[in-house]
Amino acid sequence: MGLTNHFPALILAILLGISFLSPILFRWVRKASAPALLLSLFLALVMAVYLLIQTTQVGEFSYYMGGWPPPWGIELKINLIRAYMLIVVLAVSLWIMVYALKDLEHELKTDVLGWYYTLYALVVASMAGMALTNDLFNLFVLMEICAISACAIISIKEDRACLEASFKYLILSAMGTGCFLLGVAMVYMVTGHMNYDLVNEYLPVAVEQYPNNMFAASALFIVAFGTKAALFPLHVWLPDAHASAPSPSSAMLSGLVIKIYAFGLFIVFYQIFPRSLLDSIPLNEIILWLSSMGIMFGSIFAMVQVDLKKMLAYSSIGQIGYVFLGIGLDDTIAMTGGFYHLLVHAIMKSMLFMCAGVIIYTTGIRQIKQLGGIGQVLPITMIAFTIGSASMIGIPGTGGLISKWYLALGALEIGRPIFVVIILASSLLNAIYYMPIIVNAFMQQEEFAYEVKAVPRQMLIPLIIGMIAIVFLGVFSRPVIVLLENGLQLFF
Amino acid sequence: MLIKIAHNYYYMVAILLFIIGMHTMLTHSNLIKKVIAMNIMDTAVFLLFVAVGYTYGGAAPIVTAPANEVLYVNPLPGSLMLTGIVVAVSITAYALSLIVKIYRFYGTVDYDEICLIRSQE
Amino acid sequence: MGEATAITIILFVIFFPIVMTPILMSASGRSEKLRNILALLTSAITFIMVLTLYPFVVRGDIIQHTFFEILPNLEISIRLDVLSFSLTALASFIWFLCAIYSLDYMAEEHGGSRYYPVLIFTLGSCLGIFLAGDFFTLFVFFELMSLISYILVVHEETEEALKAGYKYLVMTIIGGLALFFGIIITFELGGTVSLGVGTIINEGSLLALLAFICFLIGFGMKAGMFPLHVWLPDAHPVAPSPASALLSGVMLKTGAYGLFRVIFNAFSIEVMQTSNWDIILGVLAVITILLGSAVALTQNDIKRRLAYSSVGQMGYVLLGLSILNENAITGTMFHIFSHAFMKSCLFLAAGAIIWKTGKRAISDLGGIGREMPFTMGCFSIAALAMIGIPPLNGFLSKWTLGLGALDANATIYVLVLLISSLLNALYYLPIIVPAFFEIVGEDHHGHALQFDVQDATPKMLASMVILAICTIIFGLSPINIPFDLSQMTSDFLLRGGLF
C-alpha cells in the first residue's frame, strides 16, 4: 500500500531516472539501454493505469511532493482527464519507442543513441509532469524541460535542415515560455499563489479589482500555449521542425508534444480561470476562430507540399485545430470530441510519420510524386498509411469519425453550425491531399522505380498495432467517451 | 494616473524590457543577438517577479527566533526565480551550442543569409 | 420462422460476402478456377438467402434490431421491411448475373485476383446499405461501398480510368461529408437517427432544410442527380462492363434508396409538402431527366451513351419521389426494378460487343446485329423497354409514374415523361436499326467493315438473356412480383413507413 501512494511521483522519478541512466548504460552495457528505457516506460504506463483505476474509485485526489501541502509544496493532482492525458502520453511514447529502436540506427550516428534515449525520456517525463502538476511554476519548469529536450531530439540528427529548424523552434518556444512566465507573474501579482486551485479561489475577486492585469495574463497565456501547440498563426516553426527531425522524433512531436500544450491551455481556461473571466472576455471566441483558420490553412498548405513529411507536418497544424476547436466550443460534447481527437490524432499522425519513416528507411524517398507504385513493394506500410489517412478524413470505422462526430454535435448544440461546415470542409481538403498518395501508391501501373530494402519486423509491428488501435477507436469508442464525459464534468 | 504609474515604475520597466527583448528576438536576424534578446526577455520577467515579492521596509526573510513583528520580504518569488535563472541559463547554453553547429554548417550566424543559402540548395 | 431466424439471415447476407472476400483473395493465389467458382457460389448463396426472407416480408413483418451502441443513441442496427427487401433482392439478383457474366469476361482481362474479391465485398456492403437499421449504419456501409467500388472504376488502370476514378473519389467524399453533416443535424434535432421511429424531424426549420439539402447532396450525388451527376458519365464507362452494369444497375439505386429513407423516415410527406421541399426535388428531377437524355444523344461512345441514359432514368426515380402519391411511388419503385434489369442488360450486351470487337464507337457498330444476333437481340429488347414500348416493363413504370403525376394534377411532369421517351427513342434506335439493317461492307468513311466474330459465350449470353426475359415478363404479365412489391412498398410507406 505504501508504495502505491507514491505512484504519481514515482512515474516522474522513473522517467527522469532512466534519462540519467541511459547514457551510462549505453556506455557500459549497451545491450541493456534500450530495453531499460522500454521497461521504464512500461512501468510508468502500468502505474498510470493504476492511477486511472484509483481515480475512478475515489475521484479526484492529490499528491504532495515531499509531504508539503500547498501553498508551500508542489501538488500533483490526479483526476480522470489528467489520468487520461498521462496514459495517452505514456502509451503512445512507448509505442513510438518500439518503432524508434530500429529507425534510429539508420538515422542517427550510433554513439549518440544513448543521448537520444535520455532526451526521449526527458520529453516523456516533462509531458507526464505537465499532465499531473497542479502548480503554475512547476508547469513553467516542465515546459522549459520539454522545450529543450524536444528541440534536442530534432537537432541530434545534426544536418543543416535539422539545426536550423530546431533553432527556430527553440527561439519561438523560448518566446512562448517567456510569455507564459510573464502571464504567471501577472496572476501571481493579483492572487499571491501558484497552485491552480488556490489561484482559482482568489481570482474571482482579483478579476474585479484588476481586470487589466487578467486581460494581459489571458492574452499572454493564449500566445504562450498557442506558440507551443502551433495554433494558427503561431505555427511557423512547426513544418520545418517536424519535417526535418528523425521520424520517431517527428512522430513524438506531432503526436504528443503539441497536444500537451493544448491540454495546458484547457487547464488554464477551465481549471484556473474562473467562469466569470471566460464570460467577460471572449477568449473562447478567439480560440475558435484561430483554430478554424488553422484547420483550413493547415490543410491548404499541406496540399501544395512536395515533401511527404512536410505535408504531414502541415496536416498537424490543421489537426491540432480540432483539439483547440473542442476547447473553444465550451461545451461538454465538443470538448469530449476534442479530447478524443487528441488521442486519435496522436495515434494516427504518429503512425503516418512512422510510415514515412519506413519509406525513407527502405527507399530513401521523401518526395510525394516519387511514391507511385510503392504499394506493391511496401504493402503493409501503405495499408497503414491508408488507414491513417482514412482516419484523417473521417471515414466510418476509424477513430477520426468519432471525434468529428462529437465536435460537430457540440457545435450544433451551442448553435454554431458554421463550425460544422469548417470541420467538413477540412475533411474534404484532407481527402484531396491524402487520396492521391494512396491511389498512386496502389494503382500506378509502372513498377516502382527505386531500390527497396527489406522492412524490419520491429518497424512493422508498431504499424500493425497502430492500425488495430485506429479501427478499435472507431468502433469501440464508448469506454473512452464515457471516461472523458465523466472527467469533463469536473470542469463545468 | 501618472502618479500611479510612477509608483509602479518597476512594472513598467519590466514590461519595457520584455518588449525590447521580444522585439529584438523576433526581428533581428543575427542569431547571437536573438539569444541575448531572449535573455533580456527572461530577465525582465525575473525582475518583475522579484519586484512583486518585495515589501517596502521589509527585512531579509531569515528565520531568527524572537523577531515576530518584523516585516518580511516574500521569499517565494526570489527562490522561484533562482530556478527560472537556471532554466534560462540552460536554454542559453543549448542555443549557443546550436549556433556553433549552425556556424560550422553554414559559415554564418545571420538568419537571412542562412535562408538565402537554403533557398539556393 | 421467428424473428431470430430473420436476424440471422440478414446478418448472414451482409457478412457472408464480406467474410468471403479474404478467402477469395487467398484462393486466387492457388487457382483461378477455384476463385471464380467461389465468387459465383458466394453471390448465388447470398441471392438464395435473400429470397428466404420473402415470407417475412409478405407477412408484413418489420424487423428492427440493434446490436450495440457506438455512442449513446447512435447504434449499429439492421432493419428489414418491404422497401429494403425489394432492393436487397434486386441487388443480389443482378450481382449473381454479373458474376456469371464476369466468369468469361474477366478470363481475358488482367487483375482478376483483385476484381473478384472487390466485387464480392461491394455486394456485402451494398446489401448492408439496404438492410441498415439507422442512418449511421447506412452511412457506414454507403461509404464502404462507395470507396471500395473505386477499385472497380479504375480497374483498367488507364489514364482515362484513373482520371475518372479521381473525380469519382472526390465526389464520393464530398457526398459522404454532406451525408455526415445531414446525419449530425438529424441527430441533433431528433435525438436519434434510427429508421425504426417513423418520423425523426416533424417540422421544417432552417436547420432541417440544411439537413435535407445535405442528404440531397449526399444521396443525390450517388443517384446521379443534376448537378452532381458529373462523375457518372466518366466513371461508369471506364469500368469493366460487368462492373458498369452493377454501378449503373444497382449502385445508383443506393442513392435513390437513401432518398426514400430520408423522405419517409427522417422527415415525412407532410414535412416535405408543407415546406415545399418536394418542389426542389421535382425541379432537379426534371432537369436531370431532360439533361441526361439530351446529352446522351450527342455521345458516340456506346457506354457513355448508356451512362448518360442512366442519368436521365434516375431522374424518373427522383420525379416519383417528388410527386409523393401512391401511384407515383409505385412507379418509382417499379422503375428502380425495371431500370436495373434494362440498364444491366444494356451494359452487359455493350460489354460483350466491345469484348468481341474492340469497338466502342456507335458509328462503327453497323451490322453487328447479324454477327451477334443474341447479344444484339437482348440489347434491342432492353433498349425498347427503355423507350417505353408496351408490353415491356419500362412502359409499365412510365405508365404508373404518369398516372401518379396526373393524380397530383402535374400535367407538366407527364409532358416531361413523354419528351424524354421521345429522346430515348432518338438515341437508342440509331444503335439498334443500323446494327441489324446496315449492309456489312463499308461504313460511311469508306473503311471496310467486317466483323469476324461469333456471338458472345454462353455464360455471358445466359445472364443477358435472363435480364432480357425479365424485362419482358415483368412488363404486363399477370404475375408480376416486382410490381406487387412496389405496390406493397408504396402502400407501406404511405401508411407512415412505421408498422
Side-chain angles (χ1 to χ4, degrees), chain A residues 71-72 74 119 135-138 140-145 147-152 154-194 213 216 220 223 227 234 236 240 244, chain B residues 8 11 14-15 17-19 21-23 25-26 28 31 34-35 37-53 74 76-77 79-81 83-84 86-107 109 111 114-115 117-118 121:
Chain A
W72 299 285
I74 293 169
L119 295 168
D135 185 282
L136 276 171
F137 193 76
N138 197 224
F140 162 75
V141 174
L142 290 166
M143 276 167 76
E144 290 282 31
I145 297 175
I148 298 185
S149 40
C151 287
I154 303 172
S155 65
I156 197 166
K157 201 173 155 194
E158 286 198 27
D159 67 10
R160 306 164 72 115
C162 282
L163 288 173
E164 192 239 336
S166 59
F167 190 81
K168 203 200 260 178
Y169 183 23
L170 185 70
I171 288 294
L172 279 167
S173 50
M175 187 199 85
T177 35
C179 288
F180 179 73
L181 195 58
L182 190 60
V184 173
M186 300 275 182
V187 172
Y188 183 74
M189 264 159 79
V190 295
T191 60
H193 287 287
M194 293 286 195
N213 228 349
L220 286 166
V223 171
T227 319
L234 303 162
V236 284
D240 285 340
S244 59
Chain B
N8 293 325
Y11 296 148
I15 299 293
L17 275 177
F18 186 84
I19 290 170
M22 194 160 162
H23 179 258
M25 189 165 94
L26 293 182
H28 239 279
L31 299 184
K34 273 183 195 285
V35 175
M38 186 175 84
N39 276 294
I40 293 176
M41 200 174 94
D42 281 344
T43 313
V45 187
F46 299 155
L47 287 177
L48 179 69
F49 248 106
V50 174
V52 167
N74 185 355
L76 190 68
S79 55
L80 289 183
M81 283 317 108
T83 320
V86 172
V87 170
V89 166
S90 54
I91 288 214
T92 310
Y94 174 57
L96 289 174
S97 69
L98 266 184
I99 292 174
V100 171
K101 288 272 180 193
I102 287 176
Y103 184 74
R104 261 186 219 158
F105 274 98
Y106 293 93
V109 289
Y111 190 72
I114 293 174
C115 286
I117 293 169
R118 279 181 61 79
E121 276 169 4

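Naming: A, B, ... by sequence-line order, numbering from 1 per chain. Computed from heavy atoms alone, side chains included, the values below leave out hydrogens, waters and symmetry copies.
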Is F167(A) close to chain B through its backbone or its side chain, or both, or neither, when contacts mean heavy atoms under 4.5 Å? both

Pick from K101(B), K34(B), R104(B): which one has the most heavy-atom pairs with chain A under 4.5 Å? K101(B)

In Å and rounded to the nearest 0.5 Å, what is the OH to CD1 distance from Y111(B) to I171(A)? 10.5 Å

Which portion of A161(A) sits near chain B, non-hydrogen atoms under 4.5 angstrom: both

Beyond-backbone contact of Y11(B) with M186(A), side-chain heavy atoms, under 4.5 angstrom: no

Any idea which heavy atoms bring D42(B) and G178(A) closest together, and the distance? OD1-CA, 4.2 Å

Can you tell me which portion of L31(B) sits under 4.5 Å from chain A's heavy atoms? Options are side chain, backbone, both or neither. both

Out of L163(A), D159(A), T177(A), V141(A), which one racks up the most heavy-atom pairs below 4.5 Å with chain B? L163(A)

Quick one, F49(B) with L181(A), criterion side-chain contact (heavy atoms from CB on, under 4.5 Å). Give me CA distance, side-chain angles, the key distance, then yes/no. CA-CA 9 Å; F49(B) 248 106; L181(A) 195 58; 4.1 Å; yes

Okay, A152(A) and chain B: the region with an atom under 4.5 Å from a heavy atom over there is both

Honestly, the part of I91(B) sitting under 4.5 Å from a heavy atom of chain A is both

C151(A) backbone acceptor or donor facing Y94(B) side chain under 3.5 Å: yes

Who wins among L80(B), I114(B), V45(B) for the most heavy-atom pairs under 4.5 Å with chain A? L80(B)

Working for side-chain contact (heavy atoms from CB on, under 4.5 Å), residues L26(B) and L172(A): CA-CA 8 Å; L26(B) 293 182; L172(A) 279 167; 4.1 Å; yes

List the atom of M22(B), the atom of C179(A), and the distance in Å for their closest heavy-atom pair. CE-SG, 4.0 Å

Closest approach of A174(A) and M41(B), non-hydrogen atoms and distance? O-CE, 3.6 Å

When you look at CZ of F105(B), are more than 12 heavy atoms from neighbouring residues, nucleotides or ligands closer to it than 6.0 Å? yes

If I measure from the heavy atoms of chain B, does S166(A) come under 4.5 Å with its side chain, its backbone, both, or neither? both

Correct closest heavy-atom pair for S155(A) and L98(B) would be CB-CD2, 3.7 Å

Looking just at side-chain N and O atoms, do E164(A) and Y106(B) make a donor-acceptor pair shorter than 3.5 Å? no

